[in-house]
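See structure below.
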Protein chains: 2
Amino acid sequence: MQRLPLYLRCLEDLGTGNTRISSDQLAEMANVTSAKVRKDLSFLGSYGVRGVGYEVEHLRFQIEGALGLSRDWAVVIVGVGNLGRALANYGGFPNRGFKVVGLFDDDSAKVGKKVAGTEILPMRRLNGVVKSTKADIGVITTPTAAAQDVADRLANAGIKSILNFAPQVLKVQEGVELRRVDLSTELQVLSFYLHRAGH
Amino acid sequence: MQRLPLYLRCLEDLGTGNTRISSDQLAEMANVTSAKVRKDLSFLGSYGVRGVGYEVEHLRFQIEGALGLSRDWAVVIVGVGNLGRALANYGGFPNRGFKVVGLFDDDSAKVGKKVAGTEILPMRRLNGVVKSTKADIGVITTPTAAAQDVADRLANAGIKSILNFAPQVLKVQEGVELRRVDLSTELQVLSFYLHRAGH
DNA sequence: GCCTGTGAAGGCATTCACAGCA
DNA sequence: TGCTGTGAATGCCTTCACAGGC
(Lines give C-alpha, C1' and ligand atoms only; values in the text may rest on other atoms or scores of the structure.)
Protein backbone atom coordinates (compact mmCIF):
# COMPACT_ATOMS: atom_id res chain seq x y z
CA MET A 1 0.00 0.00 0.00
CA GLN A 2 2.87 2.33 0.79
CA ARG A 3 3.74 2.10 -2.89
CA LEU A 4 0.45 3.29 -4.29
CA PRO A 5 1.40 6.97 -3.89
CA LEU A 6 4.63 6.16 -5.70
CA TYR A 7 2.81 4.62 -8.64
CA LEU A 8 0.44 7.56 -8.69
CA ARG A 9 3.32 9.98 -8.96
CA CYS A 10 4.84 7.99 -11.80
CA LEU A 11 1.55 7.99 -13.68
CA GLU A 12 1.28 11.74 -13.22
CA ASP A 13 4.82 12.22 -14.51
CA LEU A 14 3.89 10.26 -17.59
CA GLY A 15 2.24 13.23 -19.26
CA THR A 16 -0.33 12.94 -21.99
CA GLY A 17 1.89 10.94 -24.31
CA ASN A 18 0.99 7.42 -23.27
CA THR A 19 -2.50 6.16 -22.81
CA ARG A 20 -1.40 2.68 -21.72
CA ILE A 21 1.41 1.37 -19.56
CA SER A 22 2.74 -2.12 -18.81
CA SER A 23 3.83 -3.38 -15.41
CA ASP A 24 7.38 -3.48 -16.74
CA GLN A 25 7.36 0.18 -17.70
CA LEU A 26 5.80 1.29 -14.45
CA ALA A 27 8.26 -0.85 -12.49
CA GLU A 28 11.15 0.77 -14.34
CA MET A 29 9.83 4.25 -13.53
CA ALA A 30 9.22 3.47 -9.88
CA ASN A 31 12.44 1.52 -9.33
CA VAL A 32 10.65 -1.65 -8.23
CA THR A 33 10.09 -5.08 -9.79
CA SER A 34 7.29 -5.75 -12.23
CA ALA A 35 5.95 -8.63 -10.11
CA LYS A 36 5.51 -6.19 -7.26
CA VAL A 37 3.64 -3.79 -9.47
CA ARG A 38 1.27 -6.49 -10.65
CA LYS A 39 0.63 -7.86 -7.16
CA ASP A 40 0.01 -4.38 -5.81
CA LEU A 41 -2.32 -3.40 -8.60
CA SER A 42 -4.21 -6.68 -8.51
CA PHE A 43 -5.36 -5.73 -5.00
CA LEU A 44 -7.31 -2.89 -6.52
CA GLY A 45 -9.10 -5.35 -8.77
CA SER A 46 -8.21 -6.62 -12.20
CA TYR A 47 -7.89 -3.50 -14.27
CA GLY A 48 -5.11 -4.64 -16.56
CA VAL A 49 -5.55 -6.25 -19.94
CA ARG A 50 -3.45 -9.32 -20.66
CA GLY A 51 -1.06 -8.82 -23.51
CA VAL A 52 -1.63 -5.07 -23.42
CA GLY A 53 -1.15 -3.41 -20.05
CA TYR A 54 -3.01 -0.90 -17.93
CA GLU A 55 -5.06 2.08 -19.09
CA VAL A 56 -3.29 5.04 -17.51
CA GLU A 57 -6.31 7.20 -16.77
CA HIS A 58 -8.34 4.37 -15.38
CA LEU A 59 -5.46 3.21 -13.20
CA ARG A 60 -4.97 6.70 -11.79
CA PHE A 61 -8.65 6.87 -10.99
CA GLN A 62 -8.56 3.52 -9.20
CA ILE A 63 -5.46 4.32 -7.17
CA GLU A 64 -6.88 7.68 -6.17
CA GLY A 65 -10.04 5.92 -5.09
CA ALA A 66 -8.14 3.38 -3.01
CA LEU A 67 -6.12 6.13 -1.33
CA GLY A 68 -9.23 8.14 -0.59
CA LEU A 69 -8.16 11.01 -2.82
CA SER A 70 -11.49 11.26 -4.58
CA ARG A 71 -12.45 13.81 -1.96
CA ASP A 72 -10.57 16.78 -0.54
CA TRP A 73 -8.92 16.64 2.86
CA ALA A 74 -8.63 19.73 5.05
CA VAL A 75 -5.20 20.24 6.61
CA VAL A 76 -4.06 22.49 9.45
CA ILE A 77 -0.39 23.29 9.96
CA VAL A 78 0.90 24.17 13.42
CA GLY A 79 4.22 25.96 13.63
CA VAL A 80 5.07 28.46 10.91
CA GLY A 81 8.84 28.32 10.79
CA ASN A 82 10.75 27.63 7.61
CA LEU A 83 9.38 24.11 7.43
CA GLY A 84 5.80 25.17 8.06
CA ARG A 85 6.12 27.84 5.38
CA ALA A 86 7.63 25.33 2.98
CA LEU A 87 4.61 23.06 3.47
CA ALA A 88 2.08 25.88 3.23
CA ASN A 89 3.64 26.96 -0.06
CA TYR A 90 4.06 23.44 -1.38
CA GLY A 91 2.41 23.41 -4.77
CA GLY A 92 1.87 19.69 -4.73
CA PHE A 93 -0.92 19.76 -2.18
CA PRO A 94 -3.83 21.62 -3.75
CA ASN A 95 -3.98 19.52 -6.89
CA ARG A 96 -3.64 16.30 -4.93
CA GLY A 97 -6.66 16.78 -2.77
CA PHE A 98 -5.09 18.48 0.25
CA LYS A 99 -6.28 21.95 1.23
CA VAL A 100 -4.59 24.02 3.90
CA VAL A 101 -7.40 25.51 5.97
CA GLY A 102 -5.43 26.80 8.92
CA LEU A 103 -1.98 28.02 9.96
CA PHE A 104 -1.16 28.40 13.64
CA ASP A 105 1.73 29.85 15.59
CA ASP A 106 1.97 31.53 18.96
CA ASP A 107 4.76 33.90 17.93
CA SER A 108 3.06 37.30 18.07
CA ALA A 109 5.37 38.58 15.36
CA LYS A 110 3.85 36.03 12.99
CA VAL A 111 0.19 36.09 13.99
CA GLY A 112 -1.87 38.04 11.50
CA LYS A 113 0.61 37.69 8.66
CA LYS A 114 -0.35 35.65 5.64
CA VAL A 115 1.45 32.73 4.07
CA ALA A 116 0.29 31.42 0.74
CA GLY A 117 -2.93 33.35 1.18
CA THR A 118 -3.77 31.94 4.60
CA GLU A 119 -3.64 34.05 7.75
CA ILE A 120 -1.56 32.84 10.67
CA LEU A 121 -3.72 32.45 13.78
CA PRO A 122 -2.81 32.07 17.44
CA MET A 123 -3.06 28.61 19.01
CA ARG A 124 -6.18 29.46 21.00
CA ARG A 125 -8.08 29.56 17.71
CA LEU A 126 -7.06 25.99 16.84
CA ASN A 127 -10.01 24.21 18.37
CA GLY A 128 -12.56 26.46 16.73
CA VAL A 129 -11.01 26.36 13.30
CA VAL A 130 -10.59 22.58 13.34
CA LYS A 131 -14.25 22.20 14.19
CA SER A 132 -15.64 24.77 11.79
CA THR A 133 -13.54 23.56 8.88
CA LYS A 134 -13.94 19.90 9.85
CA ALA A 135 -10.17 19.56 9.39
CA ASP A 136 -8.98 15.98 8.94
CA ILE A 137 -5.21 16.17 9.15
CA GLY A 138 -2.88 18.09 11.44
CA VAL A 139 0.75 18.77 10.57
CA ILE A 140 3.19 19.58 13.36
CA THR A 141 6.17 21.73 12.39
CA THR A 142 6.85 23.29 15.77
CA PRO A 143 10.04 23.11 17.80
CA THR A 144 10.53 19.87 19.70
CA ALA A 145 9.41 21.16 23.07
CA ALA A 146 5.94 22.16 21.86
CA ALA A 147 5.18 19.07 19.79
CA GLN A 148 3.49 16.84 22.38
CA ASP A 149 1.25 19.63 23.61
CA VAL A 150 0.24 20.45 20.04
CA ALA A 151 -0.49 16.78 19.35
CA ASP A 152 -2.76 16.65 22.40
CA ARG A 153 -4.58 19.76 21.33
CA LEU A 154 -5.07 18.47 17.81
CA ALA A 155 -6.41 15.17 19.12
CA ASN A 156 -8.74 16.95 21.53
CA ALA A 157 -10.04 19.11 18.72
CA GLY A 158 -11.03 15.92 16.91
CA ILE A 159 -8.18 15.50 14.43
CA LYS A 160 -7.75 11.84 13.50
CA SER A 161 -4.47 12.01 11.56
CA ILE A 162 -1.25 13.70 12.52
CA LEU A 163 1.93 14.17 10.53
CA ASN A 164 4.79 15.07 12.85
CA PHE A 165 7.96 16.75 11.63
CA ALA A 166 9.27 17.61 15.09
CA PRO A 167 12.15 15.38 16.20
CA GLN A 168 10.18 13.93 19.07
CA VAL A 169 8.39 10.63 19.56
CA LEU A 170 4.78 11.51 20.36
CA LYS A 171 2.06 9.68 22.25
CA VAL A 172 -1.48 9.88 20.94
CA GLN A 173 -4.65 8.19 22.04
CA GLU A 174 -5.81 5.15 20.17
CA GLY A 175 -7.76 5.94 17.06
CA VAL A 176 -5.46 8.76 16.05
CA GLU A 177 -3.15 7.86 13.19
CA LEU A 178 0.34 9.22 13.62
CA ARG A 179 3.16 9.46 11.10
CA ARG A 180 6.56 10.86 11.69
CA VAL A 181 9.12 12.39 9.36
CA ASP A 182 12.45 12.88 11.05
CA LEU A 183 15.20 14.57 9.11
CA SER A 184 17.93 13.32 11.41
CA THR A 185 16.69 9.77 11.07
CA GLU A 186 16.90 9.97 7.31
CA LEU A 187 20.48 11.20 7.46
CA GLN A 188 21.39 8.56 10.02
CA VAL A 189 20.14 5.82 7.75
CA LEU A 190 22.33 7.20 4.97
CA SER A 191 25.17 7.36 7.44
CA PHE A 192 24.66 3.68 8.21
CA TYR A 193 25.01 2.72 4.55
CA LEU A 194 28.04 4.95 4.02
CA HIS A 195 29.66 3.49 7.10
CA ARG A 196 28.87 -0.05 6.01
CA ALA A 197 30.20 0.62 2.51
CA GLY A 198 33.48 1.60 4.09
CA HIS A 199 33.46 5.34 3.50
CA MET B 1 18.09 -1.21 11.44
CA GLN B 2 15.64 1.53 10.52
CA ARG B 3 14.73 1.60 14.20
CA LEU B 4 18.20 2.30 15.56
CA PRO B 5 17.88 6.06 15.00
CA LEU B 6 14.56 5.90 16.83
CA TYR B 7 16.10 4.20 19.85
CA LEU B 8 18.93 6.69 19.77
CA ARG B 9 16.50 9.57 19.91
CA CYS B 10 14.67 8.01 22.84
CA LEU B 11 17.91 7.56 24.72
CA GLU B 12 18.81 11.18 24.09
CA ASP B 13 15.41 12.31 25.35
CA LEU B 14 16.02 10.38 28.52
CA GLY B 15 18.13 13.11 30.01
CA THR B 16 20.62 12.51 32.77
CA GLY B 17 18.09 11.02 35.16
CA ASN B 18 18.42 7.37 34.32
CA THR B 19 21.64 5.48 33.94
CA ARG B 20 19.97 2.19 33.02
CA ILE B 21 16.97 1.28 30.90
CA SER B 22 15.07 -1.96 30.30
CA SER B 23 13.77 -3.18 26.97
CA ASP B 24 10.24 -2.62 28.28
CA GLN B 25 10.89 1.01 29.08
CA LEU B 26 12.61 1.69 25.77
CA ALA B 27 9.82 -0.09 23.92
CA GLU B 28 7.26 2.07 25.66
CA MET B 29 9.13 5.24 24.70
CA ALA B 30 9.60 4.22 21.10
CA ASN B 31 6.11 2.82 20.61
CA VAL B 32 7.31 -0.65 19.67
CA THR B 33 7.30 -4.07 21.38
CA SER B 34 9.96 -5.09 23.87
CA ALA B 35 10.79 -8.24 21.91
CA LYS B 36 11.61 -6.04 18.93
CA VAL B 37 13.88 -3.90 21.05
CA ARG B 38 15.75 -6.90 22.37
CA LYS B 39 16.13 -8.51 18.95
CA ASP B 40 17.33 -5.25 17.44
CA LEU B 41 19.81 -4.55 20.19
CA SER B 42 21.11 -8.11 20.26
CA PHE B 43 22.41 -7.52 16.72
CA LEU B 44 24.82 -4.99 18.13
CA GLY B 45 26.16 -7.61 20.49
CA SER B 46 25.05 -8.56 23.96
CA TYR B 47 25.26 -5.34 25.86
CA GLY B 48 22.33 -5.90 28.19
CA VAL B 49 22.53 -7.41 31.63
CA ARG B 50 19.93 -10.03 32.50
CA GLY B 51 17.72 -9.02 35.32
CA VAL B 52 18.88 -5.41 35.06
CA GLY B 53 18.67 -3.84 31.61
CA TYR B 54 20.94 -1.78 29.39
CA GLU B 55 23.44 0.86 30.42
CA VAL B 56 22.19 4.01 28.69
CA GLU B 57 25.53 5.61 27.86
CA HIS B 58 27.06 2.41 26.62
CA LEU B 59 24.04 1.64 24.50
CA ARG B 60 24.14 5.09 22.92
CA PHE B 61 27.77 4.61 22.13
CA GLN B 62 27.12 1.24 20.51
CA ILE B 63 24.18 2.45 18.42
CA GLU B 64 26.16 5.47 17.27
CA GLY B 65 28.98 3.16 16.29
CA ALA B 66 26.66 0.88 14.32
CA LEU B 67 25.14 3.86 12.50
CA GLY B 68 28.53 5.27 11.68
CA LEU B 69 27.97 8.38 13.78
CA SER B 70 31.30 8.16 15.52
CA ARG B 71 32.67 10.41 12.81
CA ASP B 72 31.30 13.58 11.22
CA TRP B 73 29.62 13.54 7.84
CA ALA B 74 29.82 16.53 5.52
CA VAL B 75 26.53 17.53 3.91
CA VAL B 76 25.76 19.80 0.97
CA ILE B 77 22.27 21.17 0.42
CA VAL B 78 21.12 22.09 -3.08
CA GLY B 79 18.14 24.40 -3.40
CA VAL B 80 17.73 27.13 -0.79
CA GLY B 81 13.97 27.62 -0.69
CA ASN B 82 12.01 27.39 2.54
CA LEU B 83 12.79 23.72 2.89
CA GLY B 84 16.49 24.15 2.21
CA ARG B 85 16.61 26.96 4.78
CA ALA B 86 14.75 24.84 7.29
CA LEU B 87 17.34 22.10 6.91
CA ALA B 88 20.30 24.47 7.03
CA ASN B 89 18.96 25.94 10.26
CA TYR B 90 17.98 22.61 11.73
CA GLY B 91 19.63 22.46 15.11
CA GLY B 92 19.52 18.70 15.26
CA PHE B 93 22.29 18.21 12.71
CA PRO B 94 25.49 19.63 14.20
CA ASN B 95 25.31 17.68 17.45
CA ARG B 96 24.44 14.47 15.63
CA GLY B 97 27.47 14.33 13.44
CA PHE B 98 26.19 16.14 10.35
CA LYS B 99 27.90 19.29 9.22
CA VAL B 100 26.54 21.50 6.45
CA VAL B 101 29.57 22.39 4.32
CA GLY B 102 27.82 23.85 1.31
CA LEU B 103 24.61 25.58 0.20
CA PHE B 104 23.85 25.91 -3.50
CA ASP B 105 21.23 27.73 -5.52
CA ASP B 106 21.25 29.26 -8.97
CA ASP B 107 18.88 32.10 -8.07
CA SER B 108 21.12 35.16 -8.37
CA ALA B 109 19.07 36.93 -5.72
CA LYS B 110 20.17 34.30 -3.23
CA VAL B 111 23.80 33.71 -4.22
CA GLY B 112 26.16 35.41 -1.80
CA LYS B 113 23.63 35.59 1.04
CA LYS B 114 24.29 33.58 4.15
CA VAL B 115 22.02 31.06 5.85
CA ALA B 116 22.98 29.75 9.26
CA GLY B 117 26.47 31.10 8.73
CA THR B 118 27.04 29.41 5.39
CA GLU B 119 27.24 31.36 2.14
CA ILE B 120 24.99 30.37 -0.74
CA LEU B 121 27.04 29.49 -3.81
CA PRO B 122 26.06 29.08 -7.47
CA MET B 123 25.74 25.58 -8.87
CA ARG B 124 28.95 25.79 -10.89
CA ARG B 125 30.85 25.75 -7.61
CA LEU B 126 29.26 22.43 -6.57
CA ASN B 127 31.87 20.12 -7.99
CA GLY B 128 34.78 22.01 -6.47
CA VAL B 129 33.24 22.31 -3.02
CA VAL B 130 32.21 18.65 -2.90
CA LYS B 131 35.73 17.64 -3.74
CA SER B 132 37.55 20.06 -1.45
CA THR B 133 35.30 19.32 1.53
CA LYS B 134 35.09 15.60 0.72
CA ALA B 135 31.32 15.91 1.18
CA ASP B 136 29.55 12.60 1.80
CA ILE B 137 25.86 13.40 1.57
CA GLY B 138 23.87 15.57 -0.82
CA VAL B 139 20.41 16.88 0.00
CA ILE B 140 18.11 17.94 -2.83
CA THR B 141 15.54 20.59 -1.97
CA THR B 142 15.11 22.09 -5.42
CA PRO B 143 11.92 22.34 -7.44
CA THR B 144 10.90 19.14 -9.19
CA ALA B 145 12.20 20.08 -12.62
CA ALA B 146 15.79 20.55 -11.45
CA ALA B 147 16.05 17.48 -9.22
CA GLN B 148 17.33 14.89 -11.69
CA ASP B 149 19.98 17.22 -13.04
CA VAL B 150 21.14 18.02 -9.52
CA ALA B 151 21.27 14.32 -8.65
CA ASP B 152 23.45 13.68 -11.70
CA ARG B 153 25.79 16.51 -10.77
CA LEU B 154 26.06 15.30 -7.18
CA ALA B 155 26.84 11.77 -8.34
CA ASN B 156 29.42 13.03 -10.83
CA ALA B 157 31.07 15.07 -8.12
CA GLY B 158 31.55 11.86 -6.16
CA ILE B 159 28.66 12.01 -3.65
CA LYS B 160 27.65 8.52 -2.56
CA SER B 161 24.44 9.32 -0.65
CA ILE B 162 21.53 11.47 -1.70
CA LEU B 163 18.48 12.54 0.26
CA ASN B 164 15.79 13.79 -2.11
CA PHE B 165 12.93 16.02 -0.98
CA ALA B 166 11.80 16.93 -4.48
CA PRO B 167 8.58 15.14 -5.48
CA GLN B 168 10.27 13.25 -8.29
CA VAL B 169 11.50 9.69 -8.63
CA LEU B 170 15.19 9.94 -9.44
CA LYS B 171 17.58 7.60 -11.24
CA VAL B 172 21.10 7.28 -9.94
CA GLN B 173 23.96 5.05 -10.96
CA GLU B 174 24.63 1.94 -8.94
CA GLY B 175 26.69 2.54 -5.85
CA VAL B 176 24.88 5.75 -4.98
CA GLU B 177 22.46 5.37 -2.07
CA LEU B 178 19.23 7.26 -2.59
CA ARG B 179 16.49 8.07 -0.09
CA ARG B 180 13.37 9.98 -0.78
CA VAL B 181 11.12 12.02 1.47
CA ASP B 182 7.90 12.97 -0.24
CA LEU B 183 5.48 15.19 1.62
CA SER B 184 2.56 14.31 -0.65
CA THR B 185 3.20 10.62 -0.14
CA GLU B 186 3.04 11.02 3.62
CA LEU B 187 -0.28 12.81 3.41
CA GLN B 188 -1.62 10.26 0.95
CA VAL B 189 -0.83 7.46 3.36
CA LEU B 190 -2.75 9.31 6.07
CA SER B 191 -5.55 9.82 3.57
CA PHE B 192 -5.65 6.08 2.99
CA TYR B 193 -6.13 5.36 6.68
CA LEU B 194 -8.76 8.09 7.09
CA HIS B 195 -10.59 6.77 4.07
CA ARG B 196 -10.39 3.20 5.32
CA ALA B 197 -11.61 4.24 8.78
CA GLY B 198 -14.69 5.66 7.14
CA HIS B 199 -14.06 9.38 7.52
C1' DG C 1 12.36 -12.36 40.93
C1' DC C 2 13.71 -9.86 37.09
C1' DC C 3 15.05 -9.01 32.51
C1' DT C 4 17.97 -10.34 28.63
C1' DG C 5 19.11 -13.40 24.69
C1' DT C 6 17.41 -16.46 21.47
C1' DG C 7 15.53 -20.72 19.31
C1' DA C 8 10.97 -21.81 17.31
C1' DA C 9 6.64 -20.56 15.34
C1' DG C 10 3.96 -17.70 12.84
C1' DG C 11 2.75 -14.15 9.59
C1' DC C 12 3.68 -10.99 5.96
C1' DA C 13 5.90 -9.46 1.77
C1' DT C 14 8.52 -10.60 -2.22
C1' DT C 15 9.83 -13.42 -5.93
C1' DC C 16 9.15 -17.13 -9.12
C1' DA C 17 6.97 -19.18 -12.77
C1' DC C 18 3.44 -20.05 -15.68
C1' DA C 19 -1.47 -20.58 -17.00
C1' DG C 20 -4.74 -17.77 -19.37
C1' DC C 21 -6.38 -14.42 -22.29
C1' DA C 22 -6.11 -10.54 -25.89
C1' DT D 1 3.35 -13.33 -29.13
C1' DG D 2 2.91 -10.24 -25.09
C1' DC D 3 1.58 -9.14 -20.72
C1' DT D 4 -1.54 -9.76 -16.82
C1' DG D 5 -3.21 -12.40 -12.77
C1' DT D 6 -2.06 -15.57 -9.35
C1' DG D 7 -0.91 -19.98 -6.86
C1' DA D 8 3.41 -21.77 -4.91
C1' DA D 9 7.86 -21.14 -2.94
C1' DT D 10 10.94 -18.40 -0.70
C1' DG D 11 12.78 -15.27 2.50
C1' DC D 12 12.34 -11.80 6.02
C1' DC D 13 10.47 -9.73 10.00
C1' DT D 14 7.81 -10.13 14.07
C1' DT D 15 6.04 -12.47 17.96
C1' DC D 16 6.09 -16.03 21.34
C1' DA D 17 7.92 -18.28 25.06
C1' DC D 18 11.27 -19.60 28.00
C1' DA D 19 15.99 -20.97 29.30
C1' DG D 20 19.82 -18.67 31.38
C1' DG D 21 22.23 -15.27 34.28
C1' DC D 22 22.27 -11.60 37.64
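What you see is a predicted model; the values in this text were computed from it and never measured. Order of the sequence lines sets the chain letters (A, B, ...), proteins ahead of strands, with each chain counted from 1.
The OH-P distance, from Y47(A) to dA22(C), rounds to 18 Å in whole Å. With rounding to whole Å, F43(B) atom CZ is found 13 Å from dG7(C) atom C1'. Atom-to-atom, CE of M1(A) to C1' of dC12(C) comes out at 14 Å; the value is rounded to the nearest Å. Distance E55(A) CD to dA22(C) P: 16 Å, rounded to the nearest Å. One interatomic measurement links the two molecules: CG of L44(B) to P of dT6(C), which rounds to 12 Å at whole-angstrom precision. Between the CD atom of Q2(B) and the P atom of dA13(C) there is a distance of 16 Å, given to the nearest Å. Counting to the nearest Å, the P atom of dA13(C) and the CG atom of L4(A) are 13 Å from each other. Straight-line distance from the CD1 atom of I21(A) to the P atom of dG2(D): 19 Å, rounded to whole Å.
Residue-to-nucleotide contacts include a donor-acceptor pair under 3.5 Å from the side chain of R38(B) to the base of dG5(C). Side-chain atoms of R50(B) and base atoms of dG20(D) include a donor and an acceptor less than 3.5 Å apart.
Overall bending of the helix from dG1(C)-dC22(D) to dA22(C)-dT1(D), expressed as the angle between end axes built from five pairs apiece, is 0° (10° steps).
Minimum heavy-atom separation, R153(A) to R124(A): NH1-N, 4.4 Å. Across every non-hydrogen atom of V189(A) and P5(B), the tightest pair is CG2-CG, 4.4 Å. Shown here for F104(A) and M123(A), the closest heavy-atom pair between the two residues is CB-SD, 3.8 Å. Closest approach of A88(B) and I77(B) over heavy atoms only: N-CD1, 3.9 Å.
A close approach under 4.0 Å does not occur between any side-chain nitrogen or oxygen of S23(B) and OP1 or OP2 of dC3(C). Within the 4.0 Å cut-off from OP1 or OP2 of dC3(C), not a single side-chain nitrogen or oxygen of S22(B) is found.
Each of dG5(D), dA22(C), dT4(C) was ranked by its minimum atom distance to the side chain of Y54(A); first place goes to dG5(D).
Within the 4.5 Å cutoff, the side chain of L41(B) has heavy atoms near those of the Y7(B) side chain. Inter-residue side-chain proximity for E57(A) and T19(A) is flagged as unmet; no heavy-atom pair is nearer than 4.5 Å. Put simply, the side chain of Y90(A) reaches to within 4.5 Å of the side chain of S184(B), judged on heavy atoms.
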(request) Any chance you could list the contact pattern along nucleotides 8-15 of chain D? Use B for base contacts, S for sugar-phosphate-only contacts and - for none, protein heavy atoms under 4.0 Å, 5' to 3'. (result) B-----SB
(message) Using the rule given for salt bridge (charged side-chain N to carboxylate O under 4.0 Å, His left out), can you reason through D13(A) versus R9(A), listing the C-alpha separation, both sets of side-chain angles and the distance that settles it, and then say yes or no?
(response) CA-CA 6 Å; D13(A) 289 353; R9(A) 182 170 296 292; 5.2 Å; no
(request) Starting from the C-alpha separation in whole Å, work towards a yes-or-no answer on salt bridge (charged side-chain N to carboxylate O under 4.0 Å, His left out) for D72(B) and K99(B). (result) CA-CA 7 Å; D72(B) 274 8; K99(B) 192 169 186 306; over 6 Å; no
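Comparing G45(B) and V49(A) by the nucleotide of DNA chain C that holds the closest heavy atom to each, the one mapping nearer the 5' end is G45(B).
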